[in-house]
Each structure stands twice: as C-alpha cells, then as structure tokens.
Amino acid sequence: MTQGIGYANDHQGYLPFLKRSLNQTYYVKTKLSNFGIGGERSDQIDKRVKQNTKLRTAMKKADIVAITAGGNDLLQGLEQNILVSSDQKLEKKLEPLRTTYQQKLTKLVNDVHQVNPSAQVYVFGIYNPVYVYFTNATMITKAVNQWNQVNQQVALAAKNTYFVNVNQTLSHGQYQSASAQAKLRTQNKQNDSKYVDPVLVEKLLQSQDSSEKNAYLSTHDHFHPNKKRVSDHG
C-alpha cells in the first residue's frame, strides 16, 4: 500500500526494485500487488482495507504487507495549524492529533491482521522532505520524530509487525556525516529559528524548479524518493 510518485508513471514506486533485490539476494520469486493511493491518511487506507474486495482478496494471499502511513496525517495537522506562532504552541496543538493518529494506525494494523493473521506487516516511517532547506528549524523535525515514534510503538505492540525507519536516510539525503550536517546548518543560518513558517514550506513543495538540494528526493515534487537513489542503494 505504497503508491510511489515522482520518478515513473507506473505508480509502482520502489516495489520493482524490491522485487529484484529479493530475487537476487534470496532467490525468491515475488509477485507484487500495489494498492497505494497518494495523499491518503491512515483512516482512509483502513477504510479500503475493510471495504475494497480486490484489496482484501490480494491481502489474504500475501506473505508480506507493506504500509506507508503517517505523512499525510501529519501534513493535515500542520496545515490545520498554519498560523501557530511558536514551536511550543504547535507541539501542544499536535499532541491530541498524534494520539488520534496512534489510535487510527493501531486500528489499521489490526484490520490488516484480521484479513490475514499470518502475514508479516512492515510499517514504514516518515521523513522530513524539507530538512536540507530548514536544517535549524526543529518544528518539523520534532513532529516527524514524534510521528515515527508512534509508528514504532504501534509496530512493537502488534504481532508479526515491524517498523522500518527511513527518516535519517531520506531527510538528510547525501548530507549524512557530522561535517556535512554542520555545513548545512551554516548554509541555512538565515533559517536559524526553531519555528519555520509553513507557508514557506508549502511554497517550496509547490515549486516547479527542476533542481532539488536533497539528492535522494525527486525534482518532480520535492517530496518523494527518486529513482536514482532507489536504484543505486536498493
């Protein structure tokens, strides 16, 4: 249930690369089905798990179910509080939303297991797509970390469920070392505040600029991972 946007028109995302990797590494012949829909929140995914006959039929036959959830739930919370003027106020606003999200994600995972009790479920975490531009702004980074904690807690509490953390890799992109991080903080000194105006973030994500500072992300929407990095790193 991961659509995959930004580098291909087949909407298969990383799945073809995963299939190839499983085949080459473990000699496993893999059949894939992708039911991801871009922009859905956890409760919308869960609705399809309960009501979509084609999806349920595929899940009943699955050995593995991969779910990417949380990003759109968090984005909705940030958009609803776009006028909040401080890091502390935003955290207070997001706290009940995070609790609600945990309840929704728990229900989603439980409903997946109800369809197929023996399947292994992999819950992918989320990341900060604008981190390399607003390195010093902890507002988004902290919220992403907290949402990932929810994903990890839900995975730990459920049977046959595993959390996949992609936050540091995709948020930091090619700036993984301590020296690269320090350089980024210096470059982004003009954005030294813990708080960043969400309007600026939205403007960046909507930009049609063909360049993208984070080499791991797509120039198409400045959000999703790109084909090159998936291909190179597996």
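Numbers here simply count residues along the sequence, with the first being 1.
- Contact check for Val49 versus Leu55: side-chain heavy atoms found under the 4.5 Å cut-off.
- A distance of 5.5 Å separates CH2 in Trp147 from CG in Leu97, rounded to the nearest 0.5 Å.
- Between Asn148 and Asn165, the side chains place no donor N or O within less than 3.5 Å of an acceptor N or O (distance only, hydrogens not considered).
- Both Tyr26 and Ile64 belong to a single network of hydrophobic side chains, linked directly or stepwise wherever heavy atoms of I, L, V, M, F, W or Y lie under 4.5 Å apart.
- Looking only at distances, no side-chain donor or acceptor of Thr161 sits under 3.5 Å from a matching main-chain atom of Ala157.
- In this structure, CD in Gln44 is found 8.5 Å from NZ in Lys104, a value given to the nearest 0.5 Å.
- Of the possible donor and acceptor atoms, one in the side chain of Asn136 sits under 3.5 Å from a partner among the backbone N and O of Asn188.
- With hydrogens and angles ignored, the 3.5 Å screen pairs a side-chain donor or acceptor of Ser177 with a backbone N or O of Ala180.
- Using a 4.5 Å cut-off on side-chain heavy atoms (C-beta onward), Asn167 and Val144 make contact.
- Distance check: Gln120 CD to Asp63 CG gives 8.0 Å after rounding to the nearest 0.5 Å.
- In this structure, the side chain of His224 does not engage the main chain of Leu217 through any donor-acceptor pair within 3.5 Å.
- Looking at every heavy atom in both residues, His113 comes nearest to Ala119 through CE1-O, 3.7 Å.
- Contact check for Thr30 versus Leu32: side-chain heavy atoms found under the 4.5 Å cut-off.
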Side chain to side chain contact (heavy atoms under 4.5 Å, CB included) assessment of Val121 paired with Asn160: CA-CA 6 Å; Val121 177; Asn160 292 337; over 6 Å; no
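- Smallest separation of non-hydrogen atoms from Ala143 and Leu94: CB-CD1, 4.0 Å.
- At a threshold of 4.0 Å, the pair Arg48-Glu40 counts as salt-bridged, since one of the basic side-chain nitrogens sits closer than that to a carboxylate oxygen.
- Note: Arg41 CZ to Tyr101 OH = 12.0 Å, rounded to the nearest 0.5 Å.
- Of the possible donor and acceptor atoms, none in the side chain of Thr100 sits under 3.5 Å from a partner among the backbone N and O of Arg98.
- The main-chain N or O of Ile140 is never found under 3.5 Å from a side-chain atom of Asn128 such that the two would form a donor-acceptor pair.
- Side-chain N or O atoms of Asp73 include one that pairs as donor or acceptor with a backbone N or O of Ser42 at under 3.5 Å.
- Put simply, the side chain of Asn151 gets close to the backbone of Ala69: a donor and an acceptor are under 3.5 Å apart.
- Val112 is listed as a side-chain neighbour of Met59, based on a closest heavy-atom distance under 4.5 Å.
- Looking at Tyr216 and Thr169, their side chains come closer than 4.5 Å, going by heavy atoms from C-beta outward.
- Under the 4.0 Å criterion applied to side-chain N and carboxylate O atoms, Lys47 and Asp43 are not assigned as salt-bridge partners.
- Put simply, the side chain of Lys213 reaches to within 4.5 Å of the side chain of Gln187, judged on heavy atoms.
- Residues Gln102 and Val154 form a side-chain contact, since some pair of their non-hydrogen atoms from C-beta on lies under 4.5 Å apart.
- With no hydrogens or angles considered, a side-chain donor-acceptor pair links Asn116 and Ser118 at under 3.5 Å.
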Audit row: Gln174, Asn214, side chain to side chain contact (heavy atoms under 4.5 Å, CB included) steps and yes/no: CA-CA 7 Å; Gln174 70 272 35; Asn214 185 337; 3.9 Å; yes
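- Within the model, atoms CG of Leu22 and NZ of Lys29 stand 14.5 Å from one another, a figure rounded to the nearest 0.5 Å.
- Note: Phe223 and Tyr127 have tilted aromatic rings, judged against thresholds of 30 and 60 degrees for the angle between ring planes.
- The distance from the OH atom of Tyr131 to the CG atom of Leu170 is 13.5 Å, given to the nearest 0.5 Å.
- Of the possible polar contacts, none joining the Gln114 side chain to the Val109 backbone as a donor-acceptor pair under 3.5 Å is found.
- Contact detail for Glu212 and His222: the closest heavy-atom pair is OE1-ND1, 2.7 Å.
- Between Phe124 and Ile67 there is no side-chain heavy-atom pair separated by less than 4.5 Å.
- Each of Phe163 and Ile126 belongs to its own hydrophobic cluster when Ile, Leu, Val, Met, Phe, Trp and Tyr are linked at side-chain heavy-atom distances under 4.5 angstrom.
- Leu75 and Ile37 end up in different hydrophobic clusters when Ile, Leu, Val, Met, Phe, Trp and Tyr side chains are linked at under 4.5 Å.
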